[in-house]
4 protein chains.
Amino acid sequence: MPRRHDPERRQRIIDAAIRIAEAKGIAGLSHRTVAAEADVPLGSTTYHFASLDDLLIAALEQVNSQPRCAVIGWEDGLTAVGIPGGVPLADALTQLLEEYAHGGRGRIRLEYELYLAALRRPRLQPLAAGCVDEMTEMIGRHTSDLATARVLVALIDGLLLQLLLTDRPFDRAEVRAALARVTGER
Amino acid sequence: MPRRHDPERRQRIIDAAIRIAEAKGIAGLSHRTVAAEADVPLGSTTYHFASLDDLLIAALEQVNSQPRCAVIGWEDGLTAVGIPGGVPLADALTQLLEEYAHGGRGRIRLEYELYLAALRRPRLQPLAAGCVDEMTEMIGRHTSDLATARVLVALIDGLLLQLLLTDRPFDRAEVRAALARVTGER
Amino acid sequence: MPRRHDPERRQRIIDAAIRIAEAKGIAGLSHRTVAAEADVPLGSTTYHFASLDDLLIAALEQVNSQPRCAVIGWEDGLTAVGIPGGVPLADALTQLLEEYAHGGRGRIRLEYELYLAALRRPRLQPLAAGCVDEMTEMIGRHTSDLATARVLVALIDGLLLQLLLTDRPFDRAEVRAALARVTGER
Amino acid sequence: MPRRHDPERRQRIIDAAIRIAEAKGIAGLSHRTVAAEADVPLGSTTYHFASLDDLLIAALEQVNSQPRCAVIGWEDGLTAVGIPGGVPLADALTQLLEEYAHGGRGRIRLEYELYLAALRRPRLQPLAAGCVDEMTEMIGRHTSDLATARVLVALIDGLLLQLLLTDRPFDRAEVRAALARVTGER
DNA sequence: GATGAATGAGAATTCATTCAT
DNA sequence: TATGAATGAATTCTCATTCAT
């Protein structure tokens, strides 16, 4: 019984693609795996997405728009507390990273896979660069200058990368100290 | 034209794999592409390397052993100058990164691809982790404590990653300032 | 010459697989040999059957459903004659085996190959066991108890196996006598 | 350190081949698997056996010569007891089958694989036929006539086959009763 | 004698994409 | 509009055998 009108099918396919990408990596994406995961006919994936690249991009765009929500929630909390005399940025970032790290490695891994995939696929580069820029901009709203924000983003990326690679547990004090060196906080 | 005796066959295959990996990424490695690049029959690659993973690891090990030489050269220079009252570490690292960045993006890209590929392929993880450790240890020889070295490595990783992703040119002053924040140099 | 629409493709592949299995044995089955025999592209066999095992099973199921027809025909004749005071079972079975033996060795061979292949491939075991059970049940309908039927089936299997292995011609009297020992008929 | 003179190497290869065939089936035999199992260089297997078929035959010949020892032991016991007024044949055979069945399925499976392989490979046929003949001859020494022995061998083959296929446990009483029908013992 | 490198064919699968329906 | 059959290239890997050393 083919569901003729299934307006959410496109979205279901994207969601399935994200699940696959988190679980098996970007390289694990294929029309077949996605169709199976989404429980839609094979032809449906090629119908809604002209090529596999299109599907990948749609999935990654959605991934990139979602975690921002979490970060924005974080930022709201930060703002509410108030910057001057409020929570030190290093503390706030440390907490964000901790949540991030504990929120399942799947999502972070996927984000870094995006970075790397972008190195080879030009169409992904704007996405990855936008990711960095957005983060920089957001952090920049809480630093005295943009240069500091850029350094913080680089440091955060490096720290997360190491976290993923080494299986060392998240060391709050160490991360906090590292960030504080850059923010100049004590 | 059967080349029945070819004592350097194995090494030639590894070299070809590195060229492929630099040019097309780790994902571009396949028995076929490597065999073609090395100008050997397809079966030869599977004879010398039981699985593609084995070949990939052999190639990456070789890649990882080479750049160290460059870095060691750098370190020798640094040592020669002498640390106390000598070249500030931030300056030395900045110069190293600059050389690294200008030395063709292929090699850096490959290194970061290694990092990220390790996220999905357990057998690569020791390689990637060893890469980080080695770098940390080396830098640690020029810092007062290891914690500082770890932060520096994270920062360097983040900076190089951004460099690769954004196509922004290498900004010596900015990088130098970022590093100085961590080393505490003025 | 692309035959894009071919509604009986799946069945043709199964038929080809049976021909191959009869002619070259189960070990002779491969995507390639079947595709060539069925005159379809290689990819077509893997499209319709996710794995070679699936194809093998589909083929053997079809094989197993066919000879039953012959046996059922035999059974009908037997019933018509009537058991009490009718044709002795040993005579009827002898005639069945003779027809079976003369009906080309391909089919019997294939059946015994199924048995033996089941020893190594768990997925085939239900098929082979079902084959034995069905035969037992059918013969059981003409014996006083099931134990006798089981012994008869074992004996029949052994006799056919010897027939295949030794190239001795079918000896009606000998087979009849062997069966009669078990049925208790004189 | 190549062992130049290793007079038992040939035998070690055969033994390894038997282990492989028992564990993975005849289809699991290859120069490589055998060389690995025997811990000899690959070239050694092709040196001592011109083709894989030669190796297979050598292995199966050895297999066929070994279990006979067990059977001969059994026969000796049987003879000792004495036939006339001694142990009924059905009992003795039942015990033999029981030991056989409990002695690990690997060996029986291999024997039946030999039968089946013989169906397709002419060079194996003498081996398989000889196996049957030998068994017939041996049993014939304890029956009044050869016809009875032939029937017994067929029945035994069928019973063992069913045992392997159905995973039903060995039922001593049932087997004994089946054999007794043929031997005429009560 | 003995060995291991070499080779080309073939194995099972997976796949992106096209296209008739 | 939607689908699933179809296809041919490409994937990794195994292998029997040959042959230079």
Side-chain angles (χ1 to χ4, degrees), chain A residues 2-7 9-10 27-35 40-55, chain B residues 1-10 13 27 29-36 40-56, chain C residues 1-10 13 27-36 40-56, chain D residues 2-6 9-10 27-35 40-55:
Chain A
R3 238 170 312 177
R4 278 292 164 171
H5 279 297
D6 183 356
R9 173 158 294 188
R10 196 188 136 92
L29 275 187
S30 80
H31 287 294
R32 278 161 174 75
T33 54
V34 172
V40 300
L42 172 59
S44 199
T45 61
T46 60
Y47 176 73
H48 287 286
F49 300 91
S51 81
L52 195 60
D53 246 40
D54 290 333
L55 172 53
Chain B
M1 75 189 80
R3 214 165 338 153
R4 293 306 295 242
H5 192 235
D6 181 357
E8 317 215 346
R9 170 74 51 102
R10 196 187 139 92
I13 292 174
L29 272 189
S30 82
H31 286 298
R32 280 174 149 72
T33 53
V34 172
V40 299
L42 179 56
S44 197
T45 62
T46 63
Y47 171 75
H48 286 284
F49 300 92
S51 78
L52 197 59
D53 249 38
D54 289 335
L55 172 53
L56 175 59
Chain C
M1 73 189 82
R3 216 166 338 156
R4 293 307 295 241
H5 192 235
D6 182 357
E8 318 215 345
R9 170 75 51 102
R10 196 187 140 92
I13 292 173
L29 272 189
S30 80
H31 286 297
R32 281 173 148 73
T33 53
V34 172
V40 300
L42 178 56
S44 197
T45 61
T46 63
Y47 172 76
H48 286 284
F49 300 92
S51 78
L52 196 59
D53 250 36
D54 289 334
L55 172 53
L56 175 59
Chain D
R3 240 169 314 177
R4 278 293 165 167
H5 279 296
D6 183 356
R9 173 157 296 186
R10 198 187 135 92
L29 276 188
S30 79
H31 287 295
R32 279 162 175 73
T33 53
V34 172
V40 300
L42 173 58
S44 199
T45 62
T46 60
Y47 176 73
H48 287 285
F49 300 92
S51 80
L52 195 58
D53 246 39
D54 290 333
L55 172 53

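Only this structure's heavy atoms are used, side chains among them; waters, hydrogens and symmetry mates stay out. The sequence lines fix the lettering, A, B, ..., with proteins before strands; numbering per chain opens at 1. Everything numeric in this text was worked out from a predicted model, so none of it was measured.
Heavy atoms of D:L55 sit nowhere under 4.0 angstrom from any nucleic acid atom.
Closest heavy-atom contact between A:H31 and A:T45: ND1-OG1, 3.3 Å. Pairing each heavy atom of B:H48 with each of B:R10, the nearest pair is O-NH1, 3.4 Å.
Between atom CZ of residue D:R32 and atom CG of residue D:L52 there is a gap of 11.0 Å, rounded to the nearest 0.5 Å.
The A:R9 side chain lies nearest to F:dA2 when the options are F:dT12, E:dT3, F:dA2. Residue D:T46 places its side chain closer to F:dT17 than to any other of F:dT7, F:dT17, E:dA16. Checked against F:dT14, E:dT3, F:dT17, the side chain of D:Y47 finds its nearest nucleotide in E:dT3. With F:dT7, F:dT18, E:dT13 as the choices, the nucleotide that has an atom nearest any side-chain atom of C:S51 turns out to be E:dT13.
Look at A:S44 and you'll find a side-chain N or O under 4.0 angstrom from OP1 or OP2 of F:dT3. Contact annotation: C:H31 side-chain N/O to E:dT13 OP1/OP2 distance is under 4.0 Å.
One atom, CZ of C:F49, and another, C1' of F:dT7, lie 17 Å apart when rounded to the nearest Å. One interatomic measurement links the two molecules: CG of D:D53 to P of F:dC15, which rounds to 16 Å at whole-angstrom precision. Between the C1' atom of F:dG4 and the CG atom of C:D6 lies a distance of 14 Å, rounded to the nearest Å. Nucleotide F:dT12 holds its C1' atom 17 Å from the NE2 atom of B:H48, rounded to whole Å. For D:R10 and E:dG1, the CZ to P distance is 13 Å, given to the nearest whole Å.
Nearer the 5' end of DNA chain E, as judged by each residue's closest nucleotide, is the contact made by B:L42, out of A:S30 and B:L42. Comparing B:T33 and C:E8 by the nucleotide of DNA chain F whose heavy atom lies nearest to each, the residue mapping closer to the 5' end is C:E8. Between D:P41 and A:L52, it is D:P41 whose nearest contact on DNA chain E lies nearer the 5' terminus.
For the pair B:L29 and B:L56, the minimum side-chain heavy-atom distance is below 4.5 Å.
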(message) As a check on the pairing definition, encode DNA chain E in dot-bracket form, counting Watson-Crick and G-U wobble pairs whose two distances are under 3.5 Å, and using | for partners outside this strand.
(response) .||||||||||||||||||||
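Contacts of B:D54 classified as side-chain contact (heavy atoms from CB on, under 4.5 Å), with partners at least two apart in sequence or in another chain: B:F49, B:A50, B:S51, B:R123.
One N or O donor and one acceptor, one from the side chain of A:R32 and one from the base of E:dA16, sit under 3.5 Å apart.
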